[in-house]
Amino acid sequence: MTSNTAESETQLFEPATLKSFRADLKRWYRKAGRELPWRLTADPYRIWLSEIMLQQTTVAAVIPYYERFLDRFPDVMALAVAEEAEVLRLWEGLGYYSRARNIHKTARIVAEERNGEFPRSAAELHELPGIGRYTAGAIASFAYDLPAPILEANTQRLYARLLAYDRPLQSTVAQKTLWGFAEQLVPKRDPGLFNQALMELGGQICKPADPLCDACPVSRHCRAFEQQRQQEIPHPKKKIELTDVVHLCVAVKQDDRFLVRQYSPEERWAGLWDFLRWEQNDFPILKRSRSRKSGELFTDHDLFPQEFARAEQLLRERYQLQAEIQDLALTIKHGVTRYRITLLCLVAEFDVNLNDDQPGDQQWVTREQLKELPLSKTGRQFANHLLNQ
DNA sequence: GACACGTGGGC
DNA sequence: TGCCCAAGTGT
């Protein structure tokens, strides 16, 4: 069989290949697999929580969140009776906050409609909020040892290389082919262990750049390796253009309280709180920066004197902020989907007449309340900056 | 089917 | 520094 086969002709594995592939992979995983916290349990609640947290998120980032979350909510009933705000507070900094809202919704469904018991099939798990086909298969195989296939970033790359599948992976036909391969691969015996092993291999050996083929236990079954095309498979993704935007952020202060608002459901960071914040379409992009770690903040009027003067002018003219703007200020750079945001943060002593053009609830909160509120990443950075004054 | 959704780490 | 990537899902 040659490469560049049409979708419909993609050859999967022969039965004999399948058998030795599975044996090689399991042998390797028993020796090389990591002992991650969620691999030490078969509790569907814990498996579910870990799988949601791990969506588009690295293992290293998840571990501390996973531990804290379980300390506070040891089972699905504890989570179900919690306030959404507290769930979001525990999720703060992890990103993709719809996951936190969905995990709360699902906890309530499982608690109220299923007496605290998770569904025991991938199909039923798939119906719950935040559980797609991958996560349903992961829970079914890890918690119940059901032979459900999985396809996610690690296994997608692995399968593509095993099959020397060199077309773009996002198309419907590609996904159909790879899911079909996953179905073929998953064994009836120890499917949970096997699925873990597939992901471990994809993550630790079959890496995106410079895969460790010399250390790979299944390289003899890999068509990309056979053809020495592991560097060009999978097909590279089309790159996404970033747009620079400037946001103005104002911590309005009165006595010992700060004005905050909650993002409404249609907005990014829905459900989280922040200081007042406006996107500036006509603001010059700040190019200069001080040498620093990404995401770190650096105060100053000194580095961007004209920009801060302009920011103050806009607050007065455009937003009718009749307040005394204090010298304390900082800029924060951060990225979100398709945007690179430069945030100009200012502090203003409240006077009167703030033009109220922001959606969502506004509230005055004390310093102590600010600590407990779920904030966006930059909101928390700014808040810490203020609280440490 | 394309796009939105957040953040942190590696090179 | 800039770019790529990460145990996807919902719309």
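Numbers restart at 1 for each chain; the letters A, B, ... are given by sequence-line order, proteins then strands. What you are looking at is a predicted structure, and each value in this text was computed from that prediction instead of being measured.
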Exercise for the section: Measure from CD1 on A:I139 to C1' on C:dG8 and round the result to the nearest Å. Expected result: 12 Å
Practice task
Please check the phosphate of C:dC5 (OP1 and OP2 only) for any side-chain N or O of A:R157 closer than 4.0 Å.
Solution key: no
Handout entry: Ion pair A:E86/A:R72, N-O distance below 4.0 Å
Key = yes
Practice task
Check whether any side-chain N or O of A:Y97 sits under 4.0 Å from OP1 or OP2 of B:dT7, and answer yes or no.
Solution key: yes
Problem - Check against ring pair (Phe, Tyr, Trp, His ring centres under 6.0 Å), A:W273 and A:Y263 - result: CA-CA 6 Å; A:W273 296 74; A:Y263 287 106; 9.4 Å; no
Handout entry: Interatomic distance at C1', B:dC5 relative to C:dC5, whole Å
Key = 16 Å
Exercise for the section: May I ask you to say what A:E51 touches in the nucleic acid, namely base, sugar-phosphate or nothing, with a heavy-atom cut-off under 4.0 Å? Expected result: base
Handout entry: Selection from C:dA7, B:dA4, C:dG8 that lies nearest to any side-chain heavy atom of A:Y96
Key = C:dG8
Exercise for the section: May I ask you to decide whether A:R223 forms a salt bridge with A:E226, counting only side-chain N to carboxylate O separations under 4.0 Å? Expected result: no
Exercise for the section: In whole angstrom, give the distance that lies between atom CG of A:L272 and atom P of B:dC5. Expected result: 13 Å
Fill in the blank from the handout: Among B:dT7, C:dA6, C:dG8, the one nearest any side-chain atom of A:E152 is C:dG8
Exercise for the section: Please work out if A:L36 contacts a base, only the sugar-phosphate, or nothing of the nucleic acid, heavy-atom cut-off 4.0 Å. Expected result: base
Practice task
Give the rounded distance in Å between these two atoms: CZ of A:R101 and C1' of B:dG6.
Solution key: 12 Å
Exercise for the section: Measure across A:R34 and A:E200 and return the closest heavy-atom pair with its distance rounded to 0.1 Å. Expected result: NE-OE2, 2.8 Å
Practice task
Indicate if A:L163 and A:M199 have the same hydrophobic cluster label, given that clusters are the connected sets of ILVMFWY residues with side-chain heavy-atom separations under 4.5 angstrom.
Solution key: yes
Practice task
Please work out whether the ring planes of A:F382 and A:F275 are parallel, tilted or perpendicular, with thresholds of 30° and 60°.
Solution key: perpendicular
Exercise for the section: Return the orientation label for the A:F181 and A:Y159 ring planes: parallel under 30°, perpendicular over 60°, tilted otherwise. Expected result: perpendicular
Problem - P atoms of B:dG6 and C:dC3, separation to the nearest Å - result: 23 Å
Can you check nucleotides 9-11 of chain C for protein contacts, nitrogen or oxygen pairs under 3.5 Å, and list what you find?
{"unit_1": "C:dT9", "atom_1": "OP1", "unit_2": "A:G132", "atom_2": "N", "d": "2.7"}
{"unit_1": "C:dT9", "atom_1": "OP1", "unit_2": "A:G132", "atom_2": "O", "d": "3.4"}
{"unit_1": "C:dT9", "atom_1": "OP1", "unit_2": "A:T135", "atom_2": "N", "d": "3.1"}
{"unit_1": "C:dT9", "atom_1": "OP1", "unit_2": "A:T135", "atom_2": "OG1", "d": "2.7"}
{"unit_1": "C:dG10", "atom_1": "OP1", "unit_2": "A:G130", "atom_2": "N", "d": "2.4"}

Problem - Out of C:dC5, B:dG6, C:dC4, whichever nucleotide has its closest atom nearest the side chain of A:R99 - result: B:dG6
Practice task
Taking atom C1' in both B:dG8 and C:dT1, compute the distance separating them and give it to the nearest angstrom.
Solution key: 16 Å
Exercise for the section: Under 4.0 Å between any heavy atoms, over every strand shown, what does A:W38 touch: base, sugar-phosphate, or nothing? Just pick one. Expected result: base
Problem - A:E84/A:R108 salt bridge by N-O under 4.0 Å criterion - result: no
Exercise for the section: On DNA chain C, check which nucleotide each of A:A153 and A:K239 is closest to and give me the residue with the more 5' one. Expected result: A:K239
Exercise for the section: Please measure how far the P atom in C:dA7 lies from the corresponding atom in B:dA2, and state the result in whole Å. Expected result: 22 Å
Practice task
Quick one: label A:A138 by what it contacts on the DNA or RNA (base, sugar-phosphate, nothing), any heavy atom closer than 4.0 Å.
Solution key: nothing
Handout entry: 5′-ward residue of the pair A:W269/A:T172 relative to DNA chain B
Key = A:T172
Handout entry: A:R99-A:Q55 side chain donor-acceptor pair, cut-off 3.5 Å
Key = no
Check nucleotides 8-11 of chain B against the protein and report each pair of N or O atoms closer than 3.5 Å, with its distance, or say if there are none.
{"unit_1": "B:dG8", "atom_1": "OP2", "unit_2": "A:K377", "atom_2": "NZ", "d": "3.3"}

Completion exercise
Correct closest heavy-atom pair for A:L151 and A:T155 would be CA-OG1, 3.4 Å
